[in-house]
Protein chains: 2
Amino acid sequence: MSAVRLLDELSHAPLKSEWLDTILKGDCVAALDRLPEKSVDIIFADPPYNLQLDGDLHRPDQSKVDAVDDDWDRFESFEAYDAFTRAWLLAARRVLKPSGTIWVIGSYHNIFRVGARMQDLGFWILNDIVWRKTNPMPNFRGRRFQNAHETMIWASRDQKAKGYTFNYEALKASNDDLQMRSDWLFPICTGGERLKDENGNKLHPTQKPEALLARIMMASTKPGDVVLDPFFGSGTTGAVAKRLGRHFVGIEREQAYIDAANERIAAVRPLEEADLTVLSGKRAEPRVAFISLIDNGLVVPGATLYDAKKRWAAKVRADGTLAIGGSAGSIHKIGAEVQGLDACNGWTFWHYERSGGLSPIDELRRIARLGMERAGA
Amino acid sequence: MSAVRLLDELSHAPLKSEWLDTILKGDCVAALDRLPEKSVDIIFADPPYNLQLDGDLHRPDQSKVDAVDDDWDRFESFEAYDAFTRAWLLAARRVLKPSGTIWVIGSYHNIFRVGARMQDLGFWILNDIVWRKTNPMPNFRGRRFQNAHETMIWASRDQKAKGYTFNYEALKASNDDLQMRSDWLFPICTGGERLKDENGNKLHPTQKPEALLARIMMASTKPGDVVLDPFFGSGTTGAVAKRLGRHFVGIEREQAYIDAANERIAAVRPLEEADLTVLSGKRAEPRVAFISLIDNGLVVPGATLYDAKKRWAAKVRADGTLAIGGSAGSIHKIGAEVQGLDACNGWTFWHYERSGGLSPIDELRRIARLGMERAGA
DNA sequence: TCAAGTTTTGAATCCGCAC
DNA sequence: TGTGCGGATTCAAAACTTG
């Protein structure tokens with residue numbers, strides 16, 4: 001693999017072959033237009049999400065949330081965002097080989113608009129993939145569900161496109177011999193992997209985890225393929241491509257990001273060819289919510305639960321809380337309350353009645369887990 | 001809850017009040033237009049997915065997969081599907097209360113188009129929710145990832161809409177005291193829950209699991225609310241609404257589905273009202289003004305309040321304000337000021353001296369609330 | 001040097017009533 | 001319809017501090 005080079009941002013001439021494994025500086029569409037048509041095997045795009053944030057958000061401890069308020073994420077309107085999306089998708093499509101595929105990541109703020117534009121332009125959606133975050137930011141005001149995932153769209157160039165790369169067998173082998181599902185579980189990018197600036201602050205507000213890109217490339221590219229990233233940012237795509245023996249092309253406007261990405265990629269050591277076969281994903285231990293026992297029919301609303309000695313009896317409500325006397329709350333809260341303790345494991349404290357007598361609801365949790373494990377919860 | 005009734009499909013006159021807990025037969029938009037505006041609390045919509053299936057799909061054992069190939073799932077083009085989507089969303093929006101919310105479920109075939117149209121019409125997305133299936137159909141050809149989830153969009157009527165129902169505390173209590181995430185795990189609808197026709201075949205190709213609808217209603221409705229489902233199908237929404245003490249309105253074109261849904265809903269026994277109580281948090285507690293503690297004699301003018309570590313001491317004045325140094329104001333303002341913060345909860349920050357040491361004035365608020373309850377305030 | 005406790009932080013469309 | 005303000009609200013993991 002050749003060294004990382006930086007191309008002249010002022011030129012508009014078509015590029016020859018020296019663009020492989022380099023970062024093109026400049027506007028996304030202009031840079032794409034300089035690349036030869038049908039020249040890249042896959043595209044990974046992490047475009048601005050158009051978050052439309054309004055005012056500050058504080059945590060319960062009054063600290064301020066460091067929001068994404070960069071200029072590049074501000075658009076006048078949905079129409080402006082749509083026009084931007086259409087333009088870069090069109091330019092990207094020209095560059096993509098007929099058998100190539102494209103990945104686009106987004107959140108609910110933008111992904112629906114992006115997906116609709118992709119379909120309008122003739123891209124053929126193969127899957128939507130959910131990146132479930134192990135450690136998402138909470139919802140601090142308690143007014144919505146915790147936004148715990150992002151969505152990726154995987155599409156071929158058009159409906160009739162054949163021969164795209166999908167390493168089905170390798171993915172299956174890496175997933176306990178089960179075919180890989182459309183929901184993936186990864187932590188967000190933190191720790192040593194997260195690039196920092198000279199002040200120790202995060203260099204880029206939306207750096208993606210390398211594991212995510214590795215899964216994508218292992219699934220939909222072959223060694224030696226060319227991966228294009230039109231919103232290169234901190235260069236995760238380039239770092240993973242180099243490590244996995246793929247070529248990359250990045251496009252990025254900001255010099256600070258380009259410099260950091262070049263340095264980052266230069267430090268990457270490619271894997272030995274023999275190690276490129278299978279990369280395994282991480283599994284999390286399944287957590288069972290009490291309400292899922294109700295969902296599964298293992299517990300019925302209105303049922304009574306007891307402690308082991310039947311000193312207390314509490315009623316299950318449809319919302320998944322327990323009620324006893326005047327108070328209601330989670331199985332843990334109510335268990336603690338009746339005992340006058342600060343904390344209590346409701347799973348082992350509360351019991352349900354069955355033929356032989358009382359059994360802890362933890363048994364029901366075990367049963368529920370059997371179903372969840374199949375889903376890799 | 002009144003019995004299920006079937007309304008005349010030919011009439012176009014506006015409906016009076018007899019539409020509650022009934023299924024309206026006919027075209028979705030025409031039926032919506034007959035309902036009063038701003039009359040339903042939430043909408044759950046499971047529109048046609050526009051699957052665009054092309055030819056038959058066979059399992060490895062050569063058996064044919066029973067695909068969704070009904071007429072109602074066929075559209076000429078994306079444009080036709082968009083027009084259909086826009087029309088029913090617009091009609092649904094008129095019927096929704098200003099503080100109401102809407103849920104729409106779909107797959108990658110249609111959800112991006114639906115989501116974009118929703119944004120175009122002014123709906124404000126609150127979350128996208130991923131339904132992860134424990135038992136999805138495998139991908140038989142091994143050319144894509146196993147399509148193991150569907151996506152739901154939860155949105156308010158418009159950006160400024162306030163006061164929508166979200167039972168945050170109940171959801172959290174039912175989930176091991178962790179806030180509910182945007183990825184949910186449920187099995188697909190099978191077994192006894194799945195409606196069968198006279199030949200023992202599935203009655204409806206896309207019957208949704210009741211647990212999914214129960215989670216939705218427990219999250220975003222109160223008992224007695226009205227739930228509208230403009231694509232009623234086999235009536236899952238009605239069955240769950242009745243069981244959970246909510247009203248429903250269904251719209252459906254096919255008589256066979258209407259008949260099956262009516263029969264199904266008639267067999268549902270509602271839960272006891274006591275089991276339907278929704279856990280509410282501090283936000284729902286009655287307001288207590290700090291000065292009422294003085295009125296009640298729980299705090300005496302001239303008393304000194306401290307923070308937990310006695311770093312600051314402030315004096316209570318007869319008008320219900322706190323004074324410290326040169327400044328005076330509410331318990332919250334002064335608490336924030338001494339800490340140099342923008343905001344502060346004075347009830348938990350300030351403490352009063354008693355025999356055992358310091359106690360937060362929030363304790364006094366609780367005592368005051370008990371008095372208010374006795375007085376029926 | 002290690003263990004234990006504390007602080008920090010991450011793509012966030014994050015309030016509702018009274019006046 | 002806008003403005004003011006009371007006061008409610010967080011999970012996982014890394015980084016940092018203390019013993």
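Please read these numbers as outputs of a predicted model, since none were measured by experiment.
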**Q** Indicate, with a heavy-atom threshold strictly under 4.0 Å, whether Gly200(A) touches base, sugar-phosphate, or nothing.
**A**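 Here Gly200(A) touches no strand at all.
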
**Q** Given the rule that a pair is Watson-Crick or G-U wobble with both distances under 3.5 Å, how would you write DNA chain C in dot-bracket, using | for pairs to a different strand?
**A** .|||||||||....|||||

**Q** Considering only side-chain heavy atoms of Ile188(A), which listed nucleotide, dA11(C), dC14(C), dA13(D), is closest?
**A** dA11(C)

**Q** Keeping Asn296(B) on the side-chain end and Ser292(B) on the backbone end, is there a donor-acceptor pair under 3.5 Å?
**A** yes

**Q** Do Met118(B) and Ile102(B) touch side chain to side chain, with heavy atoms closer than 4.5 Å?
**A**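 Heavy-atom side-chain distance check passes, below 4.5 Å.
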
**Q** Give the intermediate values and the outcome of salt bridge (Lys or Arg N to Asp or Glu O under 4.0 Å) for residues Asp183(B) and Arg181(B).
**A** CA-CA 6 Å; Asp183(B) 51 340; Arg181(B) 296 170 44 116; 2.8 Å; yes

**Q** Measure from CD on Gln179(B) to P on dA12(C) and round the result to the nearest Å.
**A** 13 Å

**Q** Of the nucleotides dA11(C), dG16(C), dA12(C), which one has an atom closest to the side chain of Met137(A)?
**A** dA12(C)

**Q** What residues form a ring pair (Phe, Tyr, Trp, His ring centres under 6.0 Å) with Phe232(A), not counting sequence neighbours?
**A** Phe248(A)

**Q** If I pick the P atom on dA11(C) and the same atom on dT7(C), what distance separates them, to the nearest angstrom?
**A**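 Between the two P atoms, the distance is 23 Å.
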
**Q** Each nucleotide N or O in nucleotides 14-19 of chain D that has a protein N or O under 3.5 Å away: list the pair and distance.
**A**
none

**Q** For nucleotides 1-8 of chain C, give me every protein contact, N/O to N/O, under 3.5 Å, one pair per line with atom names.
**A**
none

**Q** Hey, is the main chain of Thr321(B) close enough, under 3.5 Å, to the side chain of Asp319(B) for a donor-acceptor pair?
**A**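 Yes, Asp319(B) side chain to Thr321(B) backbone: donor-acceptor pair under 3.5 Å.
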
**Q** Of the options dA11(C), dC15(C), dA8(D), whose atoms approach the side-chain atoms of Asn345(B) most closely?
**A**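 Taking heavy atoms from C-beta onward, the closest nucleotide is dA8(D).
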
**Q** If the cut-off is 4.0 Å, is Lys208(A) near the phosphate of dA11(C), judged by side-chain N/O to OP1 or OP2?
**A**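 For dA11(C), neither OP1 nor OP2 has a side-chain N or O of Lys208(A) closer than 4.0 Å.
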
**Q** Could you list the residues that satisfy salt bridge (charged side-chain N to carboxylate O under 4.0 Å, His left out) with Arg113(A), not counting sequence neighbours?
**A**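 Once residues adjacent in sequence are excluded, the partners of Arg113(A) under the salt bridge (charged side-chain N to carboxylate O under 4.0 Å, His left out) criterion are Asp82(A), Asp120(B).
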
**Q** Among the nucleotides dG7(D), dA12(C), dT10(D), which one has an atom lying closest to any side-chain atom of Arg59(A)?
**A**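 From the listed options, dT10(D) comes nearest.
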
**Q** Is it true that Trp103(A) and Trp154(A) have ring centroids separated by less than 6.0 Å?
**A**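 Ring-ring flag for Trp103(A)/Trp154(A): true, centres closer than 6.0 Å.
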
**Q** Which donor-acceptor pairs under 3.5 Å do side chains of residues 145-152 of chain A form with protein atoms, sequence neighbours excluded?
**A**
residue   : atom : partner   : partner atom : Å
Gln146(A) : NE2  : Pro136(A) : O            : 3.3
Gln146(A) : NE2  : Met137(A) : O            : 3.4
His149(A) : ND1  : Ser182(B) : OG           : 2.8
His149(A) : NE2  : Asp128(B) : OD1          : 3.4
His149(A) : NE2  : Asp128(B) : OD2          : 3.0
Glu150(A) : OE1  : Tyr49(A)  : OH           : 2.5
Glu150(A) : OE2  : Lys133(A) : NZ           : 2.8

**Q** Taking atom P of dT10(D) as reference, at what distance in whole Å does atom CZ of Arg143(A) sit?
**A** 13 Å

**Q** Looking only at the side chain of Tyr49(A) (C-beta and beyond, no hydrogens), which of the listed nucleotides dC15(C), dC11(D), dA11(C) gets closest?
**A**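 So the side chain of Tyr49(A) is nearest to dA11(C).
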
**Q** With 3.5 Å as the limit, what N/O pairs link the protein to nucleotides 2-6 of chain D?
**A**
residue : atom : partner   : partner atom : Å
dG6(D)  : OP2  : Ser330(B) : OG           : 3.2

**Q** Could you work out which one of dG10(C), dC15(C), dA11(C) sits closest to the side chain of Asp66(A)?
**A** dG10(C)

**Q** Of the options dA8(D), dC15(C), dA11(C), whose atoms approach the side-chain atoms of Gln62(A) most closely?
**A**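 Side chain of Gln62(A) sits closest to dA8(D).
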
**Q** Roughly how far apart, to the nearest Å, are dT10(D) and dT8(C) at atom C1'?
**A** 13 Å

**Q** With a cut-off of under 6.0 Å to the ring centre and 45° to the axis, is Arg253(A) in cation-pi contact with Trp72(A)?
**A**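 No - Arg253(A) does not lie over the ring of Trp72(A) by the 6.0 Å and 45° rule.
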
**Q** Among all residues two or more places apart in sequence or in another chain, which pass the salt bridge (charged side-chain N to carboxylate O under 4.0 Å, His left out) test with Glu285(B)?
**A**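 Counting only residues at least two positions away or on another chain, Glu285(B) forms a salt bridge (charged side-chain N to carboxylate O under 4.0 Å, His left out) with Arg369(B).
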
**Q** In terms of the nearest nucleotide of DNA chain C, which residue is placed more toward the 5' end: Asn201(A) or Phe78(A)?
**A**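 It is Asn201(A) whose nearest nucleotide is closer to the 5' end.
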
**Q** Checking contacts here: which listed nucleotide (dT9(D), dA13(D), dA12(C)) is nearest the side-chain heavy atoms of Thr134(A)?
**A** dA13(D)

**Q** Using OP1 and OP2 only, check whether a side-chain N or O of Asn139(A) sits under 4.0 Å from dT10(D).
**A**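 Indeed not, no polar side-chain atom of Asn139(A) lies that close.
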
**Q** Can you list every pair that meets salt bridge (charged side-chain N to carboxylate O under 4.0 Å, His left out) and has a residue in residues 186-207 of chain A, with sequence neighbours left out?
**A** Asp66(A)-Lys202(A)

**Q** Tell me which pairs pass salt bridge (charged side-chain N to carboxylate O under 4.0 Å, His left out) where either residue lies in residues 325-351 of chain B, with sequence neighbours left out.
**A** none

**Q** Using a cut-off of strictly less than 4.0 Å between a heavy atom of the residue and any atom of DNA chain D, enumerate the qualifying residues of residues 157-168 of chain B by number.
**A**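 Within this stretch, Tyr168(B) sit under 4.0 Å of the strand.
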
**Q** Roughly how many Å apart are dT1(C) and dT17(D), using the C1' atom of each and rounding to a whole number?
**A** 15 Å

**Q** Please enumerate all residues that pass side chain to side chain donor-acceptor pair (under 3.5 Å) together with Arg157(B), with sequence neighbours excluded.
**A** none

**Q** Using only side-chain N and O atoms of Lys202(A), determine if any of them is under 4.0 Å from OP1 or OP2 of dG10(C).
**A** yes

